[in-house]
Amino acid sequence: MSATTATLPAMGRLPLRLVLWGAVLVLALIPLLNQLPESSALHVGDFIVTVTGKWITYAILALAIDLAWGYTGILSLGHGAFFALGGYAMGMHLMRLIGPRGAYGHPVLPDFMVFLGYPSLPWYWLGFDMFPYAFFMALFIPGLLALIVGYLAFRSRITGVYLSILTQALTYALMLAFFRNDMGFGGNNGFTDFKELLGMALNTPLARAVLFYASLVALVGSYWVCQRISVSKLGRVLVAIRDAESRVRFLGYSTTQVKLFVFVLSAVLAGLAGALYVPQVGIINPGEFSPGNSIEAVIWVAVGGRGTLIGAVVGAFSVNALKTWLTTAAPDLWLFALGGLFVAVTLFLPKGLVGLFRKAEK
Amino acid sequence: MTSSTILYLDDVSVVFDGFRALNNLSLFVDQGELRAIIGPNGAGKTTMMDVITGKTRPSAGTVKFRDADLTQLDEAAIATMGIGRKFQKPTVFDALTVFENLELALKAPRGPWACLRWVLGGEARGRIETTLEEIGLTARAHDRAAILSHGQRQWLEIGMLLMQDPELLLVDEPVAGMTDQETEHTAALLRRIAGTRSVVVVEHDLEFVRALDCKVTVLCEGSVLSEGDIDHVQNDPKVVEVYLGR
Ligand SMILES: Nc1ncnc2c1ncn2[C@@H]1O[C@H](COP(=O)(O)OP(=O)(O)OP(=O)(O)O)[C@@H](O)[C@H]1O
Ligand SMILES: [Mg+2]
């Protein structure tokens with residue numbers, strides 16, 4: 001358990017730390033190997049770079065979910081919404097940067113707005129041409145939404161399955177809203193056909209490498225933040241809330257406040273992941289809000305091992321690797337495989353893949 | 001209410017689906033007082049503690065700690081005001097070690113940010129070690145609470161109560177599952193704490209209550225049946241009839 005590793009002497013943690021840095025190093029090699037000539041045996045294709053970069057953002061989302069669920073017991077089935085909102089904020093920036101290069105050649109308005117007859121840019125699109133503002137909004141909007149929803153839910157002591165249903169409904173409602181053309185977010189087509197970011201043309205090896213490394217740095221940073229929390233007294237308060245929330249209240253902790261802190265931080269991390277995801281995959285549409293996405297992300301964490309940070313990361317990578325392989329090898333099987341995996345893990349591996357190794361260590 | 005009254009319950013009623021768990025209960029506890037509460041099962045003893053600690057809202061009546069109206073505050077606010085509670089069914093945090101359980105209970109700023117920045121200083125460590133000694137769990141300090149025996153969990157809960165350094169301690173059935181020797185130790189500990197703190201103890205074990213050597217309140221069907229020293233209540237015909245005589 002995380003809580004006990006926190007108090008063990010550093011001895012037991014050193015190999016883990018080495019393994020982690022080793023994994024980061026291996027990942028960091030991928031864009032470099034992509035630069036090798038194609039004839040080289042070590043060359044990796046563009047596809048691998050993009051797909052691994054995408055998984056890295058998924059790993060950040062998994063960490064965010066693990067902090068809320070694995071540590072604090074807040075099972076959100078709507079974290080995909082925070083991810084998607086971060087993605088949309090970045091998508092708005094990318095749309096603004098298209099400028100006059102759109103199909104309609106309008107100097108300011110994105111294609112879909114010209115098509116829908118918008119006379120001018122809606123007020124909430126203002127400022128998104130500036131990267132710092134767009135990046136800030138990618139974190140701020142998910143955080144603000146989590147603050148509002150979390151405040152209402154935690155204050156009314158909505159927990160457990162009720163909270164899960166509430167968050168699931170939230171992402172579903174947002175999906176329906178984003179499907180509407182009059183919302184000003186491109187309706188069911190969402191945003192795509194991005195051209196550039198921070199002065200780099202997208203779809204070039206340089207942009208791919210930069211986005212990949214930015215994601216990797218964000219993953220290491222998110223891991224570090226979650227790790228600091230998990231070894232602090234706050235981390236022990238979270239575990240205590242997960243296991244016996246009312247008892248924590250009688251010790252004088254405002255569990256509402258603590259849960260709100262975690263939920264908002266978790267939403268901000270999810271937003272960060274979404275913001276890094278969109279320029280790499282080149283598209284964002286309301287499908288990202290679909291309830292299934294949020295559930296899938298929870299399954300990554302369950303498979304890897306909830307309540308351990310490494311488990312969340314391992315789960316995100318392994319389940320998505322399986323998905324990438326299976327959706328090409330046998331696309332019809334994927335949903336069955338995902339469901340089967342979840343059932344198998346719940347029944348036989350309650351501590352996930354990481355639990356297997358922990359057991360072997362003893 | 002005199003100026004030395006620290007806890008003040010007046011005409012308190014709690015109704016669950018038409019059943020009166022507390023029935024116009026009035027009870028006053030002085031600063032530094034040690035008070036024992038006895039009464040048959042279902043008399044409302046635990047419910048009374050629930051009302052004081054904000055778990056249950058009374059249907060009617062006044063509940064005050066000093067000048068604060070406890071019926072308007074939540075559990076966390078009441079706890080930080082200086083009311084600590086030991087539960088009848090010991091609830092400790094299984095995933096944490098004995099030491100960590102005590103550290104969590106230790107009186108310190110409770111906000112998320114303060115907890116994140118918390119560093120265990122020498123003084124805090126000293127207090128935890130003293131408490132570990134007091135509750136006889138020094139050797140188990142780094143064991144997870146999950147593997148403690150029932151009696152040890154009782155002790156850990158008492159330890160957590162001490163760590164909070166409350167002004168009023170509510171102790172629900174502390175000696176259930178303890179050996180005779182441990183029971184004596186607990187009585188001595190509570191007597192020592194009283195004086196600087198106020199302590200309210202609920203217990204069925206009359207030997208233990210006698211050892212506490214304090215004023216005893218007998219609850220029955222949600223209200224006070226009798227009050228006085230242990231000999232007085234034990235000889236009160238009303239008490240004999242409903243409780244001791246059975
Ligand atoms: N939440 C609740 N809902 C309904 N009835 C309740 C609730 N809590 C307590 N009661 C009832 O109120 C009565 C008083 O219960 P309480 O737990 O206060 O008794 P007690 O004096 O502590 O008994 P014991 O000695 O068994 O611990 C009991 O009949 C109990 O069933
Ligand atoms: Mg009771």
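Every chain is numbered from 1 and lettered A, B, ... according to where its sequence line falls, protein lines coming before strand lines.
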Can you list the residues that meet the side chain to side chain donor-acceptor pair (under 3.5 Å) rule with Glu182(B), with sequence neighbours excluded?
->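 For Glu182(B), the residues satisfying side chain to side chain donor-acceptor pair (under 3.5 Å) (neighbours in sequence not counted) are Trp155(B), Thr179(B).
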Can you tell me which portion of [X] sits under 4.5 Å from chain A's heavy atoms? Options are side chain, backbone, both or neither.
| X | value |
| --- | --- |
| Gln164(B) | side chain |
| Phe99(B) | neither |
| Ala77(B) | neither |

Hey, does Glu75(B) have a side-chain heavy atom less than 4.5 Å from the side chain of Arg247(A)?
-> no
Closest non-hydrogen atom pair, Leu104(B) against Tyr253(A) | O-OH, 2.6 Å
Locate the shortest heavy-atom distance separating Leu96(B) from Arg236(A); write the atom from each residue and the value.
->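 Nearest heavy atoms, Leu96(B) then Arg236(A): CD1-O, 3.9 Å.
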Is the count of non-hydrogen atoms from other residues, nucleotides or ligands lying under 6.0 Å from Arg228(A) atom CZ greater than 12?
->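 No.
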Does CD in Glu133(B) sit with more than 12 non-hydrogen atoms of other residues, nucleotides or ligands closer than 6.0 Å?
->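 Result for CD/Glu133(B): open.
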In Å, rounded to the nearest 0.5 Å, how long is the span from CG of Leu251(A) to OG1 of Thr80(B)?
-> 11.0 Å
Distance, nearest 0.5 Å, that separates CZ of Phe250(A) from CG of Leu161(B) |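 Going from CZ on Phe250(A) over to CG on Leu161(B), the span is 13.0 Å.
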Sort Val262(A) into side chain, backbone, both or neither according to what part of it lies under 4.5 angstrom from a heavy atom of chain B.
-> neither
Contacting region of Phe261(A) [heavy-atom separation from chain B under 4.5 Å] | side chain
Where along residues 110-128 of chain B does a heavy atom come under 4.5 Å of chain A, listed by residue number?
->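 Contacts with chain A: Arg110(B), Gly111(B), Pro112(B), Trp113(B), Cys115(B), Leu116(B), Trp118(B).
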